[in-house]
Structure formats: structure tokens, C-alpha cells
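Just so it is clear, the model here is predicted, and its values are computed rather than measured. Side chains are part of it too, since the values below use all heavy atoms of this structure and drop only hydrogens, waters and symmetry mates.
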Amino acid sequence: MNRTVHQRGWLALLLAGTIVAALPAAAAADETPVNPALPTPALPASPACGSDSTPTWRTVTNPPPTGMTVSIGVPRPTVDGVTYQGVVHAWDVDGSQAADGSVSGVPVPYESVYVPLPLTDGHTYGWHASTYDGTAYSNPTAPCYFRVDGSAPLAPVVTNPDFPPAGSPGTPTKAAGQPTTFSFSSRDPLPGGCTEAGAPDCWASGLDHFEYAFDQEPGIGAARAPADAQGKGTLTASLTWGTHTLYVVGVDAAGNQTQPTGYTFYVPWQLPTPAPTTINLTAPAKSGRASRLTVPGQMSAAPYPSGEAVKVVRSDLAHPAGVALPDAPLSADGTFHIADVPQVGGANTYTVTYAGDSAHQATKASATVQVSRSATALSISTNASSYAYGATAKVTAHLGRTYNGRTLSIYAEPYHGKKTLVRAGTVDSHGNLTATYRVTGSTIFTASFAGDYRYAAATAVRTVSAHAKVSESLSGYYGSTHYGSTLYRVYHHTATAKLNATVTPDKVGQCVRFQAQRYYGGAWHAQSISSCRTLSTTSTGSATLSLTKAVNSRFRMRAEYVHSGKDTGNLSTWGAWQYFTVRQ
């Protein structure tokens, strides 16, 4: 039989006075001869023996006992005058020692067997049992294994942020009836001389649970809180008004208990009304991009509890919805500092939020720092400086070097009109964006760059002029003819030629004058030029020419709009020649 097989069994530490019988150590250890016909002892049904990989735990009394006691069931204690004995062989798994014990059968389901094997803290032990009839042994039971933890865990540490312990700084942050959570922590030390858990003979059972009670030490049946793998546990409770003491005891898997820890604290009837608070931020107006900046802050209504902090969010062109910065710790006097190295130019807004505590209301404040950006080249040009009325202008905007923005907008603002967007888009590979616009008067073209993460916004302006439009017509003629390809109106020599002129856009009150020429000697010669005629409320004017002595003569007339200093919308403009001839 391999006596070092690692299993564990159900062990019962029995009271002194257990009935035992002596058995020669050599005979019990050898357990020979074996009679397979003899019944094997029974082990208690629950808890079952542990295996070599998962032994059970047991503790030892102080001072340690000089041996161990196990419980086994010996079948048929006495048959035909033969008394069967229960025999137990036990050993230290490290091979350092072994011992045997036996007990005579008694008419009870299970018998206690004492084995004179000293138990040492941190060691692992194995045992198995046989039945002995005085001449032979039964086959042994399967091995049972257990480990010994004879040391109590360390006294628990109890904390609660809502209710500081009596005599410490700070004030309660909750009142009677509000749920609060207590945290426990403890540690089950290794046996003396051990530095690594799990090394041979260096085992500790570990924290299993905590037992607790309010205002009295926990006793039998006390409430429990489980311990996690790190030896920590929690308790959430709602308490009445007054001073309370929470007593907590740590218990390891072997059943060793710590000394109780008492945590005394005060629960107020109700908390005082939180004070209104404000945040004052002292931010610089400007800062360099990619340079370190500091924004000091001051909270009102100090003092503040330890561990408080304000949350900080920065909004910029790249993060319009904001990006969280590290929390800024809050000093007891309410001061804090925000440190940042902004990478995006333009407006950087720092929003600071305090969530509030039991003595202070929540509050928020913001401050904006203009972070520098580089300048870029921006220009705008047109294909002409002045245009006929209604002509189409070609407008070209050019954008220089930028970081991540290549979009331009071109606007047009006509005289006495509204500024409107003509085109917006991304510049081409040459940095250009073109647009067309129908010009009817003096117009201001503007190119706009909104800026990007590293380059500032920019604008460029170009102003062009437009001539007024002069529309003309003759009246009083009776027919038409052509000289070459030119259309002539035909007048009777007794009629009066009349030239009607309309100026667009409306130029009521402005000046129009008329010019007449006569054709002779193979060329046109000035006949007359009128003085300024004031345009009517319909922006029209007219001039007449007597034809009494002009039989067989050819004439032409035209009107000129002459803008004054009051008209900054359009330039002076000649109308087209209107041709006519005179007959008898």
C-alpha cells in the first residue's frame, strides 16, 4: 500500500476521554496479513474524504494536541465472541513521520480512533482505515487527506467612506436610512518560516468569510459576508440615527477566527443642506499651439473632503462635442489646476464640472483660450474689372498652404443687395476654386476660408463694376429701309424724330443725354449733344430732332447714361446708334 497517496478525509476532533485500544505499531503499520473476506470500515457519508489535490482543512487547539482522532464505522463490532477493531494508519505527506491507532468495536454507528501523530501548522496529512480481527486485516479504505491551519487570520480592516470612524477627520456624507457599504479586508498568514504559499509544509487555508454584528460582538449564528480570493468582503446596510459600532471577525477555511475589529461611527439624523458653490477659472486669453498651458481654478465654500476632484472637458475644432481630460484633484481649500498642451488651434473651451458632495452643491463653469494658428495665403480675382450690364463674371479664389482644411466659399454682394453664397467646395490641385456670377451692378466678391486645426480663418475681397443698360427706340417714323445691312427708319420731312431711352436698373433722378450725328461727305459728323435730361420715375427720357430741312439726309442718334456721385452701383453707358433717313 502506498502510504503517501494524497487524499483527505472527514476528520473529527473529539473530546478527551475517547475509548482507544493499544495496537502494536509494527503490526498496524504493516497491516498484514490481509484477509479480503473481512469487511472494510465505512467512512462518514458527509463530508467525504478529500483527495490529494483537494484536501479538507482542520485546525489545532492551543497548545496543539499530541495526536489526531478520526471517525470510522466498524461493521459487526462483535461476532461469535470475536471483537473487531478499527485500525487507522496516518502519515505526514512530507514523509517525516507516521503513526497508527486502533479502537475496539462498540455498538455505535461510528467509532473514534486516536492516532498519536503530532499535527504541525501548514503540513498535509493522509490516513486510511482497516478492520482487524486479531489475526488479519481487511483491505484498507481509500486514503483521506487533510491540511492543518493552526494560525488565525489577521484582524480585519474595516472602512466606509460615508461614515468616517469616530475621532478621525471628516464628516458623514449620508444620513439615517440611507444605504451604505462597509468594506472588510484580512489576510491568512503562512506558517512561520514560510515565504511562498503552496511550498511543502507551507499551506494556509485562506479567508473563507466574515462574521459581523452591530453594537455587539458576533456570536453563534452571526450574519456572514463571503470573502473573495483577495480576502475582501462587503456589507451594505441602512442604519438608524446615532452612534454605532460594527464588529467584524474574519474566519478562515479551517475555522480559525480573528479577534473582533470594532468600527465606531456616527449616523446623523439628516445631513445639512449643501452649500451653493461656484467655480472661478483664471484662463489666459491666448496660448501657443502645442505649448503647455495651465488654467488655475478656485471652488467656493471650502473646505472640501479629501479625494475630491473636478472633471474637465476640452472642446475645440477637432472635438466639438468635447474630449475628457484627466480629473483635476481638488485641494481642501477648493483650489485646482488644469494642465494641457492643446494641439488644435482656435477656440479651446475648458468646461469644469463638480458633481457635488454632502456639503456642496454641484456646479459647472467654462473658460475659453484662443490658441494660435498659422496664417495662410488667400486671394480672389476676376476675369475683368468692369462688366456690361448682365454679363457673366468668372471669379477665381486661390488658397495657399493649410493643414487639414481645403474648402473655400465664394460670396457675392451686389450693390444694394444681400450677400449670397455663390459656391463652396474643395480647391483643386492648384489650390483654386472658380465660380461664375451674372453682374448687374457694382459687386463685392469675397473668398472665405473657415480655418482648420492649425491655420487661421482668412478672407479676401475683390470689387468689380458694371455699366448700366441703356435701351432705345425711335418713334414718329412711317417706314423702314436698309442702307447696306443697316436698318433705317424713314421719316417725312414734316415729322419730328424722337429717341426714347430707358435705363436699367432704375435710375430715377439721374442724368441722361442725347447725341445726334448727320452723314455727309462719306463720314458721320456731330449734329448736336443735349444737356442732361433727368430720368423720370420710370427711369426713362427722350429727345427730338426737327427734320424740316433734312430731305434725303441720313441721321443717327443715341443716348448716354451719365452717373453722378450719388450712383455707386453702375458706370456711365452709351446706348446703341439708332439710324433714320428723311424723305419728301
How are the rings of H89 and H128 set relative to one another: parallel (under 30°), tilted (30 to 60°) or perpendicular (over 60°)? tilted
Kindly assign one of parallel, tilted or perpendicular to the pair Y266 and W241, based on the angle between their ring planes and the thresholds 30° and 60°. perpendicular
Among residues at least two apart in sequence or on other chains, which ones pass ring-ring contact (aromatic ring centres under 6.0 Å, His included) with Y453?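 Partners of Y453 under the ring-ring contact (aromatic ring centres under 6.0 Å, His included) test: none.
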Holding to ring-ring contact (aromatic ring centres under 6.0 Å, His included), I want the full list of residues that pass it with F336, two or more places apart in sequence or in another chain. none
Do we see a donor-acceptor contact under 3.5 Å between the side chains of [X] and [Y]?
{"X": "T180", "Y": "N160", "answer": "yes"}
{"X": "D162", "Y": "T173", "answer": "yes"}
{"X": "T40", "Y": "T141", "answer": "no"}
{"X": "N256", "Y": "T59", "answer": "yes"}
{"X": "T264", "Y": "T245", "answer": "yes"}
{"X": "T135", "Y": "D133", "answer": "yes"}

Are R314 and D316 within salt-bridge range, i.e. N to O under 4.0 Å? yes
How long is the gap from CG on D340 to CG on N348, to the nearest 0.5 Å?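 Here the rounded value is 7.5 Å.
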Hey, could you give me the NE2/CD distance between H123 and Q97, rounded to the nearest 0.5 Å? 8.0 Å
Worked verdict on Y263 versus Y212 for ring-ring contact (aromatic ring centres under 6.0 Å, His included): CA-CA 11 Å; Y263 184 87; Y212 63 88; over 10 Å; no
Is any side-chain heavy atom of V352 closer than 4.5 Å to a side-chain heavy atom of K311? no
With ring centroids as reference points, do F214 and Y247 lie under 6.0 angstrom apart? no
Quick check on the 6.0 Å ring-centre criterion: do Y455 and Y403 meet it?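 Between Y455 and Y403, the centre distance exceeds or equals 6.0 Å.
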Ring-face cation contact, F146 with R58, 6.0 Å cut, 45° max: yes
